Every structure is written in structure tokens, then in C-alpha cells.
Amino acid sequence: MQVFDVLPGDGPVVLGQPHGGTHVPPDIQRHLNATGRAFADTDWHITRLYEGLLPTATVVKSNIHRYVIDANRDPAGQSLYPGQNTTTLVPLTDFDGRHIWKDGQEPSPDEIESRRAQFHAPYHEALRNALHKAKAKHGVAILFDCHSIRSNIPYLFDGELPVFNTGTNQGQTCAPAIEQVVHACAAESGMSHVLNGRFKGGWTTRHYGQPDTGIHAIQMEIAQRAYMTEAAPWSYVPARADALRPILKKMLETLNDLALSGALTKE
């Protein structure tokens, strides 16, 4: 199993998909308990949800499950949300706070470092290369980091999550126009939405989003009720997804047009 796949495009938009993979090497899976083996925190069907929406976009997707190592966490292990419940570089619990490893079989620091080098680093090398290639061709690159999550997770947040959760780390990871057009598309959809709410952009968005260098990043966290069932077997629901996909398509097409217009290189 490859650590990641790159679906190449020749446009300025790059889609990052760090949490859609479900592969766990057998020597790691045997240490997971029944809760861990349920994979409840997967960004289920994320590649299918975005497939074909912007044919010129490059897609970089991890095939490795986030319980092996989380490709959207700081490799140094620093929390992005100090004081709030979250999961770590190699999670010890699921999003409900339940332990995912068999007693006494949690990964050691040496094992975590091995996984970082084997799985985390290659994914980000591929993502970095895709962004640099897009910028070299167009003078600008936009990372659209694709995520989804269950709508109700009391361990992480109160109440029901809005459908669209746009994160730019309070506007720091992209030009204002990028944040504005994505949030406007969400608002025009009639679906619930928030900008820089509980999810302000993960490590990937914050790490690559350096507008002064011509590389912009924005995270979209979608509440899974909008396109699938939120319990095993985690089924894709075409009727729901078919209502959601045109909105995502408009977001991506608008970002692509914005990048090609030259407006971002003048800011």
C-alpha cells in the first residue's frame, strides 16, 4: 500500500486529503482495541465527495489511517488548540475520548518517530511539491484542505456542528479574497456555516498558508450528515451528496478563477 496518491492537475488549486485513508499496517493494527478498529474518526468518502469537481486541481491524498499517524498534526507534537480536547500526532483516544489501543500497547516515542518518518513526512513532501509546482506555473497556489467529521461530538465541541466550517486561522493563512469567496459560497447555499469557529484550520493549513510567499491555504471541515450516514457502516448517501457537491464545485471554481485572474499576485 502506497503512503499517498497524487492525482495530478495543471491548475493553481491543490486539494489536500489527509484523513480519508483507511489502511493500517498489520503490525500496527494488532495493537488497536475494538474501539480503534472501528475507525469512527475517518473522513469517510472524502475523495468521492470531491471527485471531478475541479478537473484541473491536483489531489494529494493519504492512504494511511489517522490512527497510525495524523497527517494534519504538528510533527513536533504541539497542540493547535491549547486547553481544548483534541487528538495527538498519534492519537491515544478517538474523538469521543475513548482509548483506541490495547492496554499497555500504546505507541512509544520511538514508534511515533518511526511512523512520522514513514508516513507523515512522505505525504507532506508530496503536498509541498504539488504546491510548489502550481505556484511555479501560475505564480500562486491555493491549498484547499478537505475534511469531514461527525456532526455531534461532545468531547470536542458543544451542540451540532454547522455543515460548512471554514478555517483560515483568523485570516492568517490566505488572502482576504480567498476567505471571502469561500465563506460567501457557504452562506449562499442556505446550509449552516461558520468561519473560524471550532475548526480554524489544522496544522496543514497553518503550515503551508503563507500568503506573502504566494501559497495560500484554507480548510473546509464538512459535517458528515450533509453527505453520508454518521454511524457504521458509514454509508455515502448520493441524494445528500448531490446537493452538497455543486456548492463545493462553486467554491473551487471561484478559487481557481481568482488565482488565474492575477488578483492574488497583486495583493
Side-chain angles (χ1 to χ4, degrees), residues 16-22 24 32-46 49 62 64-101 106-107 112 120 144-173 182-183 186 191-207 209 217-235 240 244 248:
Q17 298 176 356
H19 293 155
T22 57
V24 178
L32 287 168
N33 62 22
T35 299
R37 292 193 301 273
F39 294 170
D41 302 331
T42 307
D43 289 15
W44 299 103
H45 313 293
I46 199 73
L49 182 65
S62 175
I64 305 300
H65 196 268
R66 67 188 305 160
Y67 290 169
V68 176
I69 195 162
D70 192 326
N72 195 38
R73 294 292 183 271
D74 185 345
Q78 296 297 312
S79 175
L80 296 177
Y81 298 100
Q84 294 180 283
N85 289 334
T86 188
T87 52
T88 49
L89 179 62
V90 173
L92 299 180
T93 69
D94 68 4
F95 287 165
D96 297 307
R98 301 174 300 177
H99 290 282
I100 61 174
W101 302 99
E106 298 86 356
I112 292 171
H120 191 286
F144 193 93
D145 214 36
C146 310
H147 297 261
S148 71
I149 192 170
R150 286 176 284 141
S151 301
N152 297 275
I153 307 179
Y155 184 71
L156 296 184
F157 51 82
D158 295 330
E160 185 173 76
L161 200 67
V163 170
F164 293 108
N165 300 266
T166 307
T168 64
N169 196 24
Q170 305 299 122
Q172 296 183 49
T173 65
V182 171
H183 189 55
M191 298 182 183
S192 55
H193 57 279
V194 67
L195 175 62
N196 291 312
R198 173 61 178 85
F199 298 100
K200 296 176 172 63
W203 181 79
T204 302
T205 303
R206 301 186 198 195
H207 178 70
I218 189 166
Q219 176 176 298
M220 179 54 67
E221 187 87 58
I222 296 173
Q224 290 178 341
R225 69 180 183 278
Y227 72 95
M228 58 172 281
T229 59
E230 296 189 317
W234 316 104
S235 301
R240 298 181 195 174
L244 183 67
L248 296 173

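Bear in mind the structure is a predicted one, so any value in this text is a computation, not a measurement. Numbering of residues begins at 1 and proceeds along the displayed sequence.
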>> For R98 and T35: C-alpha separation, side-chain torsions, deciding distance, then whether side chain to side chain donor-acceptor pair (under 3.5 Å) applies.
In response: CA-CA 7 Å; R98 301 174 300 177; T35 299; 4.9 Å; no
> Looking at CZ of F144 and CE of M220, how far apart are the two atoms once the value is rounded to the nearest 0.5 Å?
Replying inline: 4.5 Å
> Can you say whether the rings of W234 and W44 are parallel (under 30°), tilted (30 to 60°) or perpendicular (over 60°)?
Replying inline: parallel
> Quick one: do R150 and D96 make a salt bridge, cutoff under 4.0 Å?
Replying inline: yes
> Would you say T168 and K200 make side-chain contact, with heavy atoms under 4.5 Å?
Replying inline: no
>> Would the distance check show the side chain of W203 and the main-chain N or O of A71 forming a donor-acceptor pair, the cut-off being under 3.5 Å?
In response: no
>> For E160 and S151: C-alpha separation, side-chain torsions, deciding distance, then whether side chain to side chain donor-acceptor pair (under 3.5 Å) applies.
In response: CA-CA 5 Å; E160 185 173 76; S151 301; 5.0 Å; no
>> Whether the T42 and H65 side chains hold a donor-acceptor pair (N or O, under 3.5 Å, no angle test) is what I'd like checked.
In response: yes
>> What I want to check is whether the side chains of D41 and Y67 have a donor and an acceptor closer together than 3.5 Å.
In response: yes
>> Working note: T88 + D70, criterion side chain to side chain contact (heavy atoms under 4.5 Å, CB included); need CA distance, chi angles, decisive distance, verdict.
In response: CA-CA 8 Å; T88 49; D70 192 326; over 6 Å; no
>> When you compare the side chain of L32 with that of F39, does any pair of heavy atoms fall below 4.5 Å?
In response: yes
> Short question: side chain of N196, backbone of N169 - any donor-acceptor pair under 3.5 Å?
Replying inline: yes
> Between R206 and D74, does a salt bridge (charged side-chain N to carboxylate O under 4.0 Å, His left out) hold up when you go through it step by step?
Replying inline: CA-CA 10 Å; R206 301 186 198 195; D74 185 345; over 6 Å; no
> Does R240 reach the main-chain N or O of A226 with its side chain, forming a donor-acceptor pair under 3.5 Å?
Replying inline: no
